[in-house]
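Worksheet for the structure shown next.
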Protein chains: 2
Amino acid sequence: MARAPGRTSDTAERVLDVAERLAQTRGFNGFSYADIAAEVGITTASLHYHFPTKADLGEALVVRYTDAFQAALTEVAASSDGALTKLERYVRIYHDVLGADRMCLCGMFAAEYATLPAPMQQALRRFFDDNERWLVEVLETGRADGSVQFEGGAADMAGLLTGALEGSMLLARSYSDVARFGASAEQLLRTLRPTPGAARSSRPVRR
Amino acid sequence: MARAPGRTSDTAERVLDVAERLAQTRGFNGFSYADIAAEVGITTASLHYHFPTKADLGEALVVRYTDAFQAALTEVAASSDGALTKLERYVRIYHDVLGADRMCLCGMFAAEYATLPAPMQQALRRFFDDNERWLVEVLETGRADGSVQFEGGAADMAGLLTGALEGSMLLARSYSDVARFGASAEQLLRTLRPTPGAARSSRPVRR
DNA sequence: GTCTATAGGCAGATAGAC
DNA sequence: GTCTATCTGCCTATAGAC
């Protein structure tokens, strides 16, 4: 999940780093410009120079997060791994976020959706659309070559995967228990693995 | 999900009703005493008579919600329905909440977990513990009589179910699309249904 | 139980000097 | 780009009359 070289200044980048962590742990309505300013070591007035309004900051957070996430997904997609391994690597991305004591930024913002400015809402949907487009591609490829097994539409399964992973992160955080997320994710992946002695059941259903 | 006859006054109950809806749509950090007061038709000072602090109100919200939820679960458990039907009814409870344009109160609060006062955090965990205890019971019964099929531990499957349903609600709300939740839930239930011609695979695995 | 009045703090945001 | 100073508004909460 390397960061793309952006056009934002070094200070703006540091602001985004701090704001991102605050947003992932406390939510968009759970931190203030004063919180960021104290950590970065500048005043709130200076913050407003980089991001005129909190809505601007929030949108920048989602866009940067989505871009970094997308870059990570593209890297996984380009690998020679099988579909199942790609899905396991997808899960690991979420797992690592949780391991850093954070909730997925966009899952967090999804909870506060109704209170967010429209541009943030739109950027948020793009994140999930990107995720599910990537998942559909992997799921369909995997089902075609027999490395992944599931019933129903790939889009529905992709929706379940994103929802289940986001929700499992949410609950694992309430228990400060990363292993709880791991167990849910494993339970989920289990249903996607081809039944050992039943290669026949991995053929695609009609769609 | 009938409301248990409580000892709280009529006004306090109306306050909780309004606060509950605000909390389920905007989150605990997304509404104020002023919002409630305006809707109920009393002043914020009067609100403080019923709930001295917002933390008190929040705790009362979670406790009442948990009790009502538990009552609904007990009713389902007492029915003569099979385990699979009970799980479908469990899903329907979540579905109905979403149909009322609300997020699960406790799923919402789970996102804001780090910003909540300790008593609320504790009450929140009780909600999820109750849910999963109920699910484990249903899952194990169903697996024993062959009406439900899954691999791994019942506790892990229960954790996946709560996480997946909470997360699916979260995302469906961002798309204002209840059907999206329905599709994820159906995809999830599908994995629990016994394979038509394979009653043998519904036997419990070693645990 | 509900009100008016108000305290005290923090929020996001701006003006203008450097 | 960053600062000091300040504004306005909203927040939770309290005092005290009715």
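Numbered from 1 within each chain, the chains take letters A, B, ... in sequence-line order.
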Write down the distance between [atom1] ([X]) and [atom2] ([N]), rounded to a whole number of angstrom.
X	N	atom1	atom2	answer
A:Ile42	D:dT4	CD1	P	12 Å
A:Leu22	C:dG12	CG	P	11 Å
B:Arg14	C:dG1	CZ	P	12 Å
A:Phe31	C:dG12	CZ	C1'	12 Å
B:Asp35	D:dG9	CG	C1'	14 Å
A:Asn29	D:dC10	CG	C1'	14 Å
A:Leu47	C:dG12	CG	P	10 Å
A:Phe51	D:dT2	CZ	P	12 Å

| said: At 4.0 Å (heavy atoms only), tell me whether A:Tyr33 reaches a base, stays on the sugar-phosphate, or touches nothing. | reply: sugar-phosphate

OP1 or OP2 of [N] under 4.0 Å from side-chain N/O of [X]:
X	N	answer
B:Ser32	D:dC11	yes
A:Thr43	D:dT2	no
A:Thr53	C:dG12	no
A:Thr44	C:dA11	no

| said: Show, in sequence, the C-alpha distance, side-chain angles and deciding distance for A:Phe109 and A:Tyr65, and conclude whether the ring pair (Phe, Tyr, Trp, His ring centres under 6.0 Å) test is met. | reply: CA-CA 12 Å; A:Phe109 285 0; A:Tyr65 194 83; 8.7 Å; no

Identify which nucleotide among [options] has an atom closest to any side-chain atom of [X], counting heavy atoms from C-beta outward.
X	options	value
A:Tyr49	C:dG1, D:dC3, D:dG1	D:dG1
A:Lys54	C:dA11, C:dG12, D:dT2	C:dG12
A:His50	C:dG12, D:dA5, D:dT2	D:dT2
B:Ala45	C:dA5, C:dG1, D:dC3	C:dA5

| Main-chain N/O of B:Ala172 paired with B:Ser176 side-chain donor or acceptor, under 3.5 Å | no

| request: Would you check if the side chain of A:Thr85 reaches a backbone N or O of A:Asp81 as a donor-acceptor pair within less than 3.5 Å? | output: no

| Atom NE2 in A:His48, atom CG in A:Leu57: separation rounded to 0.5 Å? | 10.0 Å

| query | Checking side chain to side chain contact (heavy atoms under 4.5 Å, CB included) for the pair B:Val91/B:Phe181: CA distance, chi angles, key distance, verdict? | reply | CA-CA 10 Å; B:Val91 167; B:Phe181 172 84; 4.2 Å; yes

